[in-house]
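Report on the structure given below.
Here the structure is a predicted model, which is why all the values come from computation and not from measurement. The chains referred to below are lettered A, B, ... by the order of the sequence lines, with proteins before strands, and numbering in each begins at 1.
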Amino acid sequence: MGWLRFRSLVNWLRSWVTEAQNGQTEGKAKLCQLPPLWSVSLRRRLADWTIPDPYVTAVGEQLSEAIDNWQTDPKASNNLVIFSSPVDDTDALLERVIQSAMLEGLEVRYPLPWNHRPKDVQSITEQFQQALDDGQDQAEDIEVDDPDALAQRRVMIVVPPLEQCFLRCIGGWQGIEWLRDTVGQQPQYFWLIRCNTWAWEFLNRVCQVGAYFNCQVRLPELDKAQLASWLIPFAQRLQPETGHQAETETEHEHGDEDGEPDFEDWSWGTLADLSMGSAAVAKALWLQSLRLRETDWPEKIVALEDHWSLPVPLQQLAPTLPGLPDLEAEDNYVIHALMLHGLMSRSHLALSLGQGESVVQVRVQMLRQAGVIQVNHQGLSIAPDHYPKLCAQLSNNNFLTGEH
Amino acid sequence: MPAIPWGLTLAQIEQAEEASELLDSITVLTVINAILSLLLAYGLMTIVQALANWLSERVPRRFRLIIKQSIPFWKGIILLVLIAHIGNLFLDISEQNLLALTGTIAVALGFAFKDYVSSIIAGAVALFEAPYRVGDRVTIADHYGEVVSYGLRGIRLHTFDDDIITVPHSKTWSEAIVNANSGSLEAQVVTDFYVDHTADPQMITDILYQAAYSSRFTQLKLPIIVVMAEKPWGSHFKLRAYPMDIRNEPAFRSDILRRAKAALAEMGVTYPKLPTVLIEDDD
């Protein structure tokens, strides 16, 4: 917790200084924001951009090791929990990792057909029971110490993210308790579980999941080189087809004597620090740092759907963390609930807060206008660019957080 | 013609001389200086109080109590400087004068300002012993509330009913002071539940634990405990939990009650029926 506060203070100072510098650079070089239409389009493309290799490597290696142990040692753990932050999307990562597991001859089963919380949260236990009914019958026939049983260990079960399997209300985490008890009773299956760190902290307090699911891997923090090698190809694809690379004002100012820019090292390092090494936060901050020269502003703004490259070159300012609006005490509870549950509907948010939907809606509207939370057709979630500051905000207000 | 009491007259003359030695020459300038100093000190204390209150309500919770608790310290410093300055203006403190001065003060305090001075001394002692600090939730003589001000003579409590109660520091000499949080943000809140003897205690306990775990106000870093006691008319459950901020105590208790009562009603739990004798006693 102390490290989080120190880090947040350093990042706040850094953002403050960088913002002042950016203001000067913007004025001098006459830069302007991207047209909103382009921003939306770039955000979509970034969402579909490849997963950072360090994520795939870290999770893949851990999964492979855990499966090997499970298949060779009758007493080895039969589960792996993948931790991520509330703003990280792990669906694509899981797909990549599972593909490699399937190559090793494992059968992969998805007992529940959803990745987002069903409307009736109390029905999750029943859904699990129905989906895994066969497994329970088989489990009774299998001797744990029988060496032949190891040969039958060929099935991996992938459950929806844990934060989507519960709601903070009486009876709201029965599904988690059922899963917790069942995983241990069915060693013939390997269970792949995802959970955001905030939900894990909560569940660990209310139903001690940590004592049952003890094989864990956390998405690694991306450093500056990893971020650069991940996002520079994306930036290069955006440049006009004449082929020149992303130019920057800072590039001109801070270039080496031999003319080679050293901007990339500095900028990606700042991005890595500010984003806490999270790919989702880094994407959002990087997108915010993009600018156009005023002289390059297109006369007619057209959608970018069909072409990857932009008609004009992009400029890039040093990344900064956006400032938080003045938050009221009630806002903190809304933000904390969204951290805990990830993507969620307004009615579920009201249930988790124990307040009327109309009361919650007012706070949601305020936070949405301030850009702290985002809304899409699936529900409400935290805006990734605000995540680092919100962590510090909630920690300073005595909330149980998922970052230490 | 009555005889002149020579002895008494000489004594009076000696006292007048001592007084003139004790008091430096009082001029208009020194009086103005003293008045301005008093006004300045009063202004500074008001500013410190207002600034600390304003700031403490705008910073994250973690810093609120630290800022509030610093108010008596700053006020004390201002007061000490003021006393030293005014003493320096008016008094010529020599060894002999000091004896005369303390004697005079002792007599004055003994008769006129005994209670006032007792409170001031108790306030100074309370600064070190800290039975209460600004921001704490305390119970003093049936009054429960948050300490919102720490003055020279007493403290002010802000109650749940939005009343301000002034309690002199001298109460610390004789009354028991119950401090709920003692400088920290959290304090244990006890919520009582009463159910009929026929209710399943395990089920009730589970529901109460879940009610506390699921409240948005609950500090999950601290323990939650449910205890049970049997009464002639039913079972008495006590849920002990901590809100993240003691200021949320009423909202926290209401939230837990609302959640638990809804779940208990769904499970068909019945509440105890008080015997007629008890109801009549209450009336």
Side-chain angles (χ1 to χ4, degrees), chain A residues 1-2 4-5 8-9 121-122 166-174 176-177 198-199 201-208 324 326-341 349-356 359-360 363 389-390 392-402, chain B residues 54 56-67 135 181 184-187 193 203-224 226 239 241-248 251-267 269:
Chain A
M1 207 63 79
L4 176 68
R5 282 172 188 153
S8 122
L9 182 68
V121 181
Q122 310 280 0
F166 81 98
L167 206 54
R168 193 176 50 179
C169 61
I170 293 180
W173 52 88
Q174 275 176 355
I176 303 285
E177 285 175 333
W198 294 61
E201 284 291 331
F202 175 81
L203 292 171
N204 212 12
R205 308 251 173 193
V206 304
C207 54
Q208 295 75 46
L324 280 181
D326 284 337
L327 297 174
E328 290 182 19
E330 281 300 315
D331 295 331
N332 289 331
Y333 294 111
V334 174
I335 293 165
H336 185 248
L338 286 170
M339 293 282 198
L340 201 60
H341 295 299
L349 178 64
L351 202 57
S352 174
L353 291 169
Q355 290 180 303
V359 178
V360 173
R363 301 318 317 162
K389 281 196 175 176
L390 290 175
Q393 162 83 9
L394 293 182
S395 170
N396 283 334
N397 279 287
N398 214 17
F399 282 82
L400 182 71
T401 68
Chain B
W54 178 83
S56 63
E57 299 303 327
R58 271 156 190 81
V59 294
R61 276 178 195 155
R62 201 162 63 84
F63 306 112
R64 189 182 77 218
L65 291 183
I66 298 171
I67 294 172
N181 55 328
S184 68
L185 272 172
E186 303 100 344
F193 293 88
M203 183 191 68
I204 308 277
T205 306
D206 283 348
I207 286 175
L208 295 189
Y209 270 116
Q210 289 192 47
Y213 280 133
S214 59
S215 172
R216 68 186 191 279
F217 299 109
T218 307
Q219 178 52 275
L220 292 170
K221 296 173 200 165
L222 294 169
I224 293 167
V226 177
L239 171 59
Y242 295 80
M244 283 183 280
D245 185 352
I246 186 61
R247 273 193 177 173
N248 292 328
F252 174 59
R253 193 178 276 124
S254 306
D255 190 41
I256 284 182
L257 279 168
R258 195 167 47 239
R259 285 171 187 267
K261 277 179 80 82
L264 292 172
E266 210 171 293
M267 304 304 278
V269 173

*What part of E330(A) gets closer than 4.5 Å to chain B, counting heavy atoms only: side chain, backbone, both or neither?*
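The answer is the side chain of E330(A).
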
Under 4.5 Å from a heavy atom of chain A, the part of [X] involved:
X: Q219(B); answer: side chain
X: R58(B); answer: neither
X: N248(B); answer: side chain

*Heavy-atom pair of closest approach, residues I170(A) and A263(B)*: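 Nearest heavy atoms, I170(A) then A263(B): CD1-CB, 3.7 Å.
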
*List the atom of N396(A), the atom of P60(B), and the distance in Å for their closest heavy-atom pair.*
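Heavy-atom minimum between the residues: CB-CB, 3.4 Å.
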
*Taking the side chain as every heavy atom from C-beta outward, state whether Y333(A) and M244(B) have any atom pair closer than 4.5 Å.*
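Counting from C-beta outward, Y333(A) and M244(B) do come under 4.5 Å.
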
*Check: Y213(B) and C207(A) side chains under 4.5 Å, non-hydrogen atoms*: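 Heavy-atom side-chain distance check fails, nothing below 4.5 Å.
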
*For D331(A), which residues count as a salt bridge (Lys or Arg N to Asp or Glu O under 4.0 Å) partner, sequence neighbours excluded?*
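Here the qualifying residues are R363(A).
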
*Do other residues, nucleotides or ligands put more than 12 heavy atoms under 6.0 Å from E266(B) CD?*
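Counting neighbours around CD of E266(B), 12 or fewer heavy atoms of other residues, nucleotides or ligands fall under 6.0 Å, so no.
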
*Using a distance-only test with no angle check, is there a side-chain donor-acceptor pair under 3.5 angstrom linking E186(B) and N398(A)?*
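Per modelled atom types, E186(B) and N398(A) side chains form a pair under 3.5 Å.
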
From [atom1] ([X]) to [atom2] ([Y]), nearest 0.5 Å:
X: R62(B); Y: S395(A); atom1: CZ; atom2: OG; value: 6.5 Å
X: L400(A); Y: L222(B); atom1: CG; atom2: CG; value: 10.5 Å
X: K221(B); Y: E201(A); atom1: NZ; atom2: CD; value: 9.5 Å
X: S215(B); Y: L353(A); atom1: OG; atom2: CG; value: 10.0 Å

_So does R61(B) get a backbone contact from the side chain of N397(A), meaning a donor-acceptor N/O pair under 3.5 Å?_
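Yes; judged by distance alone, with no hydrogens or angles, the pair exists.
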
*Who pairs with R216(B) by side chain to side chain donor-acceptor pair (under 3.5 Å), at least two apart in sequence or on another chain?*
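With sequence neighbours excluded, R216(B) shows a side chain to side chain donor-acceptor pair (under 3.5 Å) to no residue whatsoever.
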
